[in-house]
Each structure stands twice: as structure tokens, then as C-alpha cells.
Amino acid sequence: MSGTQDSPEQPDRTPVVRYDLHPAEPVETDVTSDTVTVRRAPRYGRFILLGVIVGAIVALILTFAFTGQPVEGELVQFDKGQVFGFLLLVCGTIGAALGAVVALLIDRSSARRARSVAVEHESTHRVDE
């Protein structure tokens with residue numbers, strides 16, 4: 001689980017012997033108690049993808065916002081597709097970076113609301129005689 005962190009306390013191990021449906025095969029269950037920190041964490045990929053989408057929308061708006069009239073003495077002219085491609089590279093990258101920063105800020109604020117809970121983990125295995 002990505003949002004949990006184990007505490008440095010030593011776990012309590014209590015071996016319990018239980019028998020399965022087959023009486024010839026004894027199994028042992030180890031019960032481990034531990035304290036972990038639980039918190040909510042944002043999904044970074046979704047924030048970055050949302051930033052890229054917002055950047056693409058901004059690039060589309062900027063592409064059609066200007067008339068594109070050539071300036072006197074200008075030799076290079078770009079069509080709307082080329083302008084959109086250039087702006088998409090720049091705005092998409094900036095949007096992805098801003099989405100990652102927003103996710104980091106939300107992650108920092110959710111770390112303040114973390115809480116500790118006690119958990120028990122059971123692992124069952126066959127006993128070799």
C-alpha cells in the first residue's frame with residue numbers, strides 16, 4: 001500500500017497452531033500486530049495528464065487567437081498546424097509541470113491529516129514435522 005508507513009515498533013508475534021480440514025496436515029498461523037500510518041495520497045499521473053490536457057486547450061486557444069498576418073520583411077511563415085504543434089509542446093510541458101506541483105502540494109497537505117492505526121496480519125503456513 002503506497003500510502004502507509006510502518007512504525008519502528010517491534011511487532012508482537014503470537015504463533016497459533018490450527019488444523020485444516022485434513023487432520024494429517026497441521027498449519028501454523030503467525031499473527032503480527034503493528035502500528036501503521038494511514039493517509040490519502042493523490043494519483044500523480046492523473047494530475048499530470050490533466051495538466052497536459054489544460055495545456056493542449058491553451059495551445060488551441062492561442063493558435064486561433066492571433067490573425068497570423070505576415071510582418072513586412074518576414075521570410076518564414078507557419079501554417080496553423082505547425083503553430084499548434086509548437087504551442088502544444090510548450091504548453092503541454094508547462095501544464096504537466098504545474099499538474100505535478102499541484103499534486104505535490106495536495107500530498108503535503110494530506111500528510112498533515114495522517115493517522116496511526118493498529119493492524120494485525122495473519123500468515124498461515126504448513127508445519128513441517
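The basis for the numbers below is simple: all heavy atoms, side chains too, and nothing from hydrogens, waters or symmetry mates. If you read the sequence from its start, that first residue is 1, and numbering goes on from there.
Here the closest heavy-atom approach between residue L87 and residue L62 is recorded as CD1-CB, 3.7 Å. Minimum interatomic distance between R40 and S110 (heavy atoms only, all atoms of both residues): O-OG, 2.8 Å. Nearest approach of S116 to T37, heavy atoms of both residues: OG-OG1, 3.9 Å. Residues C91 and G55 approach most closely at CB-O, 3.2 Å, considering heavy atoms.
Linking Ile, Leu, Val, Met, Phe, Trp and Tyr whenever their side-chain heavy atoms come within less than 4.5 Å puts I53 and I61 in one cluster. Residues Y44 and L98 fall into different hydrophobic clusters, defined by Ile, Leu, Val, Met, Phe, Trp and Tyr side chains chained together at heavy-atom separations under 4.5 Å. Cluster membership check: F84 shares its hydrophobic cluster with F64, using side-chain heavy-atom separations under 4.5 Å among Ile, Leu, Val, Met, Phe, Trp and Tyr. By the criterion of side-chain heavy atoms lying less than 4.5 angstrom apart, applied directly or through intervening Ile, Leu, Val, Met, Phe, Trp or Tyr residues, L49 is grouped together with I57 in one hydrophobic cluster.
Side-chain contact between E120 and D34 is absent, with no heavy-atom pair separated by less than 4.5 Å. Looking only at side-chain heavy atoms (C-beta outward), I106 and R108 stay at 4.5 Å or farther from each other. Using a 4.5 Å heavy-atom threshold, the side chains of V36 and V117 count as touching.
Taking the ring centroids of F78 and F86, they lie under the 6.0 Å cut-off.
Atom CG of L60 and atom NZ of K80 lie 10.5 Å apart (nearest 0.5 Å). One finds the CZ atom of R39 at 11.0 Å from the CZ atom of R113 (value rounded to the nearest 0.5 Å).
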Test log, rule side-chain contact (heavy atoms from CB on, under 4.5 Å), inputs V101 and L105: CA-CA 6 Å; V101 168; L105 292 175; 4.3 Å; yes
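Residues passing the side chain to side chain donor-acceptor pair (under 3.5 Å) test with T124 are T29, sequence neighbours excluded.
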